[in-house]
Every structure is written in C-alpha cells, then in structure tokens.
Amino acid sequence: MKKSFIILSLLFFTFVSSAFAQKQIEQQVQRDPVLEADAKHNLEVADQYFKLKKAYKATLLRCEEIIAAYPEFSRMDKVLFYAGMSSFYLSEGKGKQKLLLQTDEEKAKFEPKKLREDAIAYLNQLKEQFPKSEYIGETEKNLKLLEDKK
C-alpha cells in the first residue's frame with residue numbers, strides 16, 4: 001500500500017512539474033501556402049530588379065502587388081523596405097530603368113514629391129510593424145534623409 005502511494009505521488013509530482021515547465025507558445029499567423037509561394041516569387045523577382053538591374057519602377061510595382069494581394073506575407077519587412085527605397089531612389093532620379101510615363105495617372109504616381117511621400121509612408125510602416133527587422137538601421141537613416149529633404 002505504501003509502495004503504491006509513493007509511486008502514485010511520484011507520478012503526480014512528475015506530471016504537475018512537467019505541466020508547469022511547458023513553454024507558453026504564441027499563436028502564429030496562419031499563412032496560405034499558395035499566396036505565400038506567389039508572394040515569395042514576386043519578392044525574388046523584385047530582389048533581382050532592385051539589386052542587379054537597379055530597375056526601381058519594376059521593383060516598386062512588384063512590391064505594391066505583394067502588399068495589395070497578401071499583406072500577411074512572412075517577409076513583409078523586406079517588401080516594405082524595397083518599396084520605400086525604390087520610391088526614394090525614383091524620386092532622386094536614380095536607377096537604370098527609364099520612367100516612360102504615358103498616362104496622367106502614371107505621371108501623378110511617379111512625380112518626385114509623391115514618391116518621397118510614399119517612401120516615407122512605406123519606411124514608417126516598416127519601422128512601426130517590424131521594429132526588430134534587419135532593415136531598421138538603414139530605414140531610420142533613410143527616413144532622416146527624406147525628412148531633411150522635405
């Protein structure tokens with residue numbers, strides 16, 4: 001009888017102590033695998049445009065597509081960074097891609113003042129939503145430059 005009581009007590013304390021030792025797991029965002037894959041592909045293309053081709057208009061358009069279609073994308077910090085920096089660079093006339101603006105809508109969208117405003121908006125969104133992102137240092141530096149140019 002004493003043996004069974006001791007064994008049951010040990011089992012009970014083992015169970016209770018393991019229950020307290022369990023780590024609280026934060027609920028993770030459920031991601032749609034199809035949309036995640038599509039957004040990842042668009043980001044890879046935008047990455048090529050941004051880094052290799054200096055095609056900032058194409059980068060910006062890809063990033064805006066991701067933002068509109070799948071705002072829960074796992075790499076949204078990088079998307080916002082590319083969108084902000086592409087807007088900033090376009091406002092400065094940088095890049096190898098020529099801005100061939102044919103419609104009034106395109107002319108308004110790619111007007112330098114509007115591009116600077118968009119860059120500030122994208123970079124501020126990155127700063128607010130992803131304070132621990134790897135892009136925060138460069139984001140803050142470029143936000144300061146943009147604010148100084150206002």
Distance, nearest 0.5 Å, that separates CG of Leu126 from OG1 of Thr139: 4.0 Å
Separation of Gln48 CD from Lys53 NZ (nearest 0.5 Å): 8.0 Å
Which residues share a salt bridge (Lys or Arg N to Asp or Glu O under 4.0 Å) with Lys144, sequence neighbours left out: Asp148
Transitive ILVMFWY cluster of Tyr49, excluding itself - 4.5 Å side-chain cut-off: Val45
Salt bridge (Lys or Arg N to Asp or Glu O under 4.0 Å) partners for Glu92, two or more places apart: Lys149
Atom CD of Glu147 with >12 non-hydrogen neighbours under 6.0 angstrom: yes
Closest approach of Gln97 to Tyr56 (non-hydrogen atoms, all atoms of both residues): OE1-N, 3.7 Å
Spacing of CG belonging to Leu115 relative to CD1 belonging to Ile120, to within rounding of 0.5 Å: 11.5 Å
Validation: residues 59-71 side-chain donor-acceptor distances under 3.5 Å, sequence neighbours left out:
{"from": "Thr59", "atom 1": "OG1", "to": "Phe50", "atom 2": "N", "distance (Å)": "3.2"}
{"from": "Thr59", "atom 1": "OG1", "to": "Ala55", "atom 2": "O", "distance (Å)": "2.9"}
{"from": "Arg62", "atom 1": "NH1", "to": "Asn42", "atom 2": "OD1", "distance (Å)": "2.5"}
{"from": "Glu64", "atom 1": "OE1", "to": "Lys109", "atom 2": "NZ", "distance (Å)": "2.7"}
{"from": "Glu64", "atom 1": "OE2", "to": "Lys109", "atom 2": "NZ", "distance (Å)": "3.0"}
{"from": "Glu64", "atom 1": "OE2", "to": "Tyr122", "atom 2": "OH", "distance (Å)": "3.1"}
{"from": "Glu65", "atom 1": "OE2", "to": "Asn42", "atom 2": "ND2", "distance (Å)": "3.2"}
{"from": "Tyr70", "atom 1": "OH", "to": "Asp32", "atom 2": "N", "distance (Å)": "3.3"}
{"from": "Tyr70", "atom 1": "OH", "to": "Glu36", "atom 2": "OE1", "distance (Å)": "3.2"}

ring-ring contact (aromatic ring centres under 6.0 Å, His included) partners of residues 96-115, not counting sequence neighbours, each pair once: none
Steps toward side-chain contact (heavy atoms from CB on, under 4.5 Å) verdict (Lys54, Lys94): CA-CA 8 Å; Lys54 309 289 187 236; Lys94 295 181 180 178; over 6 Å; no
Residue list, side chain to side chain contact (heavy atoms under 4.5 Å, CB included) with Gln102, at least two apart or on another chain: Glu106
Leu146 vs Phe88 side-chain heavy atoms within contact, under 4.5 Å: yes
Interatomic spacing from CG in Leu101 to CD in Glu111 - rounded to 0.5 Å: 10.5 Å
Qualifying residues under salt bridge (Lys or Arg N to Asp or Glu O under 4.0 Å), relative to Glu138, sequence neighbours excluded: none
For Asp38, all residues meeting salt bridge (Lys or Arg N to Asp or Glu O under 4.0 Å), sequence neighbours excluded: none
Sequence neighbours excluded - salt bridge (Lys or Arg N to Asp or Glu O under 4.0 Å) pairs with any residue from residues 112-123: Lys114-Asp118
In residues 77-84, what donor-acceptor pairs under 3.5 Å come from side-chain atoms, sequence neighbours left out?
{"from": "Asp77", "atom 1": "OD2", "to": "Ser133", "atom 2": "OG", "distance (Å)": "2.8"}
{"from": "Tyr82", "atom 1": "OH", "to": "Asp47", "atom 2": "OD1", "distance (Å)": "2.2"}

Pairs involving residues 124-133, ordered by first then second residue, that meet salt bridge (Lys or Arg N to Asp or Glu O under 4.0 Å) (sequence neighbours left out): none
Residue pair Glu134 / Arg75: nearest heavy atoms and the distance that separates them: OE2-NH2, 3.5 Å
Distance in Å, Asn124 CG paired with Glu140 CD, rounded so as to fall on 0.5 Å steps: 10.0 Å
